[in-house]
Amino acid sequence: QVQMAESGGTLVQPGGSLRLSCAASSDTDVTYTMGWFRQAPGKEREFVAVISRSGSLTYYSDSVKGRFTLSRSNAKNTVNLQMNSLKPEDTAVYYCAAARELRSYSDRHNYFGWGQGTQVTVSS
């Protein structure tokens, strides 16, 4: 069973930038669709971004569109989330997970192999 591991979260000032990474912690011959979600205290886990297996398709939530960019690296099942113009409302634990297809990509129930999450705090 594939398992994801996130890294890169930290404290950053409003307007700053941060890059999160996610990699599968076990070897697999399968390339997965990969998505990012986030969860703020007292709120539901919400969709942030997703990238197709080939890397040719990406989708973003309205709240991050134009500020965040998701890309695949050369390593299989490794993705990077570039976050620019960060706002205090972006503060959350960010999670990465895999999916077998893009259909219903914003539904967290279609994902598996969730990582432990990485904390992003946007504050002055």
Exercise for the section: Quick one: pull up OG1 in T58 and NZ in K65 and give me the separation to the nearest 0.5 Å. Expected result: 10.0 Å

Handout entry: Main-chain N/O of G9 paired to T118 side chain as donor or acceptor, under 3.5 Å
Key = yes

Exercise for the section: Considering only NZ, NE, NH1 and NH2 on the basic side and carboxylate oxygens on the acidic side, decide whether E44 and R108 come within less than 4.0 Å. Expected result: yes

Problem - Minimal non-hydrogen separation, Y105 against F37, with atom names - result: O-CZ, 4.0 Å

Fill in the blank from the handout: For A40 and A92 the tightest heavy-atom approach is N-CB, 3.9 Å

Handout entry: Electrostatic pair D90-K87, nearest N-O below 4.0 angstrom
Key = no

Fill in the blank from the handout: L102 and S52 have their tightest heavy-atom pair at CD1-CB, 3.8 Å

Practice task
Kindly give the heavy-atom pair with the smallest separation between P14 and S123, and that separation in Å.
Solution key: CD-C, 3.6 Å

Problem - For R103 against N110, the heavy-atom pair lying closest together - result: O-ND2, 3.7 Å

Problem - Close aromatic pair by centroid cut-off 6.0 Å: Y111 and Y95 - result: no

Exercise for the section: Give a yes or no on whether the backbone of D29 and the side-chain of K76 come within a donor-acceptor separation of less than 3.5 Å. Expected result: yes

Exercise for the section: With R45 as the cation and W114 as the aromatic partner, state whether NZ or CZ is under 6.0 Å from the six-membered ring centre and within 45° of the axis. Expected result: yes

Handout entry: CZ/R38: more than 12 non-hydrogen atoms of other groups inside 6.0 Å
Key = yes

Fill in the blank from the handout: Students should find that the hydrophobic cluster of V122, defined by side-chain heavy atoms under 4.5 Å apart, otherwise consists of V2, M4, V12, L18, L20, V30, Y32, M34, W36, V48, I51, Y60, V64, F68, L70, V79, L81, M83, L86, Y94, F112, V120

Exercise for the section: Find the distance between OG (S7) and CZ (R19) and round it off to the nearest 0.5 Å. Expected result: 9.0 Å

Handout entry: Atom pair OG1 (T91) and CD (Q119), whose distance is rounded to the nearest 0.5 Å
Key = 7.5 Å

Practice task
May I ask you to check whether over 12 heavy atoms, not counting those of Q116, lie within 6.0 Å of atom CD?
Solution key: no

Exercise for the section: Would you sort out whether S21 and E6 count as a side-chain contact (heavy atoms from CB on, under 4.5 Å), showing the intermediate values? Expected result: CA-CA 6 Å; S21 294; E6 307 92 342; over 6 Å; no

Handout entry: Worked verdict on V50 versus T33 for side-chain contact (heavy atoms from CB on, under 4.5 Å)
Key = CA-CA 7 Å; V50 65; T33 290; 3.5 Å; yes

Exercise for the section: I would like to know whether Q82 and N80 meet side-chain contact (heavy atoms from CB on, under 4.5 Å); could you show each step before the answer? Expected result: CA-CA 6 Å; Q82 178 66 41; N80 300 303; over 6 Å; no

